[in-house]
Amino acid sequence: MFTMRFLASLLFSTVRLSTPLIFSSMGGLITRKSGSNNIALEGTMLISAMSGAVCSAYSQSLVVGLLGAVLSGLLISVFMGFMSLKMQADMTLTGISVNRLSDGLTIFIIFLLVGDKGTTIKLPSLTFPTVSIPVIREIPFVGDVLSGHNLLTYFAFAVVLGVWFLIYKTPLGLKIRAVGESEKAAESVGINVIGIKILAFALTGAICSLGGAYMSMGYLSWFSASMIAGRGFIGMSAMNLSNARPFRTMFVAIMFAGVDALSMTLQTLNLPPEPLQMLPYLVTIIALVVVARHDMKQEELKKKELAMAKKEPA
Amino acid sequence: MTAVQGGCEKPLCANREDEWMNDNVLLMNQMTKVYPNGFVANKDVTLSVNRGEIHALLGENGAGKTTLMKMLFGFEKPEAGQIFIEGKEVKIKNALEAIHLGIGMVHQHFMLVPSMTVTENLILGDIPKGPLFTIDSRKAVETCMELGQKYNMVLEPEKRVMDLSVGGKQKLEILKALLHGARILILDEPTAVLTPQETGELFETLKMLARDGHTIIFISHKLDEVIQICDRYTILRRGRVTGTGSIESETPSSLSAMMVGREIDLDMHKKPITFREKILEVKDLVYVNDFNKKAVNGISFSIRGGQIMGIAAVEGNGQNEVAEIITGLKKATAGHVLLVGEDITDRTIRERRDSGVAYIPEDRMVDGCSASASIIDNLVADRFFKPEFCKSLFVNRKAAEEEAVRLIEEYSVACMDKSSPVGSLSGGNIQKVIVAREFTSGAKLVVANQPTRGIDVGAAEYIRRRLVDISRKDGVGVLLVSADLVELLSVSDSVLVMVDGKISAYFPDASQVDEYRIGEYMLGVKRQSEEEIGGAAS
């Protein structure tokens, strides 16, 4: 049972399933760096998944499909940023409403277009091609794991590099980090704090929407209601667990994808599916608690040490 | 000393005979600021500063220094007065305009991004761009080095700000201001966070900058330092200028006298104290705050029944933390709090209240009451769960109302309707509601933090009398924290002075000291011996 072939297929699905998680976590990373707590990654992905499938079906062009996905994700994200930052609405509540709105809105639109509240299976949507990497595919095992993925999967890893470059190497990244860490410091040198924060929302929207596009134009070849299934939230957890560091975030996202892949594989062994489907979420919660407790203990220890050190006479 | 009464008698334009030293760079003429609640923060305040001088802006907390500087930075809009920079009248609407006019501020709380490097913080306002959307980090480092060498404040460009010493951070703030073209530098209590060595270095830097033609406004409480480094001074008290002139002819005592000054004489007609058993004991209390600073640094004292212990301290020297640790709002990092011999250090707030701790918090709208809840609900907030106010699962409204009526009458709270929200009352009456609740909770210890701040004279007077009453009649121990020294000395039996989280002086008999002497300890001019301070714990 646990042969090399089994392992290779498990790792292959891990890479495949990590794609939407990497996009959502990288998107969330940018708003987090700018000091906002964007919980609408899920809704952003859902809307772009829908518009990607619909736009590609009606235009029969991948480029138009992609543009549709990215544009709609970007707009909904900027809308949320504008409402919470400029109009002073509570950011968490705005995030919840964007998530709920996208649930209903996507179903409403596909019902208008295809008369079905569940899926757009009737539409001739396009998908991104899979890529077989020349030399690597010949290598046994490694080729089975790394080659033959969707184009967007490879692009996800490029985005990790891109986000790292943007955040740590460019003037914009420097400003985003400054705004996120110390608004007053940024303001004191004349940086437009709200402007930078809304720009961060735009970038987040664009990156998350690639994850949405992957779901309806790669992972599947149609849109179905609530198809993101918590991947936006898991991506958000991956990013928070690794303290918004790009490469660590990527590894945590892959780890979560691994658990997801494992639960999917185990379901084929006639185990009851419900507890297995819980696995990725359960692991997320446990990981969050473990990391938070560790951080808290460190903080407390540091304070105690400081209090004990140098007991000068009062 | 030229005492200026009630405002400015200086000519609008400074005389220009001595072209350099008497060249007026900044004149804030007859500035008046009244806050919406009617508080007059500045009244006809005139500040005149010449090029190349180090000018001290002195005053107690709440004297109006911050308001004056906020008007200069456009954060507050003055009701009256003009600002002249190099003889030209200017209207400053925001901080950016102030920066463009060559005004730079080094805040007490640094405006730096801790996880970024020295260079990154420095260039943040104007980032040099390299090829391919990158930052030209070589040019950035060069800018940083050049600036450091020019002003003799060299910092390691690649070092993270959080790894810098406090002195280093301050240098960086000064460099940041200079990079943005500041010619007038305002330093808000710059030495409060520095070691003596760092202070020495800072003074060298400031002197050099002044020689270079920069102008420095030095806001401070530390009079010996002011005398050491400043050329001239302006002193504010209660929003008015009480003195301005050349530092040479002054001593710490003469400056301190202008800063504190006696305005009204409060005679509480206190009966002599009869000491009872120890109510509160605080032993080696330490509190490390979120910035990993020891806000309270090993203090010990005790209060007996019937005794009013006052704490005098400049804002932010640990007095609030002490009050909040005793009442349970903050958790002590080390040390113990004992109430009538019982250790309550780890008790919850409710347990403390049940064993007899009452609290009049500093911020009455946040910690003292629920502004939108009714007067009745606020008055019974600490007792509605007790059997006499309950009817099975519900609150006995009738009993609650009767209690409220009784307290409103006893504490003469002026209100139309006891069901209206507390927030609709005046500040003085809100405070009376809080006092009524806290004084009738059967407390053995009352912690009163700024009980009369910002309320009308009548209500303040009433609350002071009540405070003396409960200690004398009921034998309650009182800990009083107040920034109003006249109040503190007239109400308290004994006084502690705190500086930097430590006790710097203890006066067993408050009637034997005056605010000038207290002021010297508060401002760190003097410090008592360990034996004298140790008396507080006996």
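A note on names: the letters A, B, ... follow the listed sequences, proteins ahead of strands, and every chain is numbered from 1. Since we're looking at a predicted model, the values are computed, not measured.
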The reported gap from OG in A:Ser188 to NZ in B:Lys176 (rounded to nearest 0.5 angstrom) is 3.5 Å
Side-chain heavy-atom pair A:Val189, B:His180 within 4.5 angstrom cut-off = yes
Applying a strict 4.5 Å limit to non-hydrogen atoms, the region of B:Leu179 in contact with chain A is neither
### Atom OH of A:Tyr154: over 12 foreign heavy atoms under 6.0 Å
yes
Bottom line for B:Pro114: the part with an atom under 4.5 Å from chain A's heavy atoms is both
The residue among B:Val113, B:Asn121, B:Ile135 that forms side-chain contact (heavy atoms from CB on, under 4.5 Å) with A:Leu174 is B:Ile135
>> Taking CG in B:Leu132 as the centre, count heavy atoms belonging to other residues, nucleotides or ligands within less than 6.0 Å. Is the count above 12?
In response: no
In this structure, NZ of A:Lys184 is separated from NE2 of B:His107 (nearest 0.5 Å) by 8.5 Å
Are more than 12 heavy atoms, taken from residues, nucleotides or ligands other than A:Glu300, located less than 6.0 Å from that residue's CD atom?
no
Honestly, the part of B:Leu96 sitting under 4.5 Å from a heavy atom of chain A is side chain
Within residues 163-173 of chain A, the residues sitting under 4.5 Å from chain B by heavy atom, in sequence order, are A:Phe165, A:Lys169, A:Thr170, A:Pro171
- Enclosure of A:Phe251 CZ (heavy-atom neighbours >12, cutoff 6.0 Å): no
Notebook entry, point to check: How about A:Phe79: does its CZ atom have over 12 heavy atoms from other parts shown lying under 6.0 Å from it?
Noted result: no
Cut-off 4.5 Å, heavy atoms of chain A, and the answer for B:Leu112 is backbone
Rounded to the nearest 0.5 Å, the CD1 atom of B:Ile127 sits from the CD1 atom of A:Ile191 at a distance of 6.0 Å
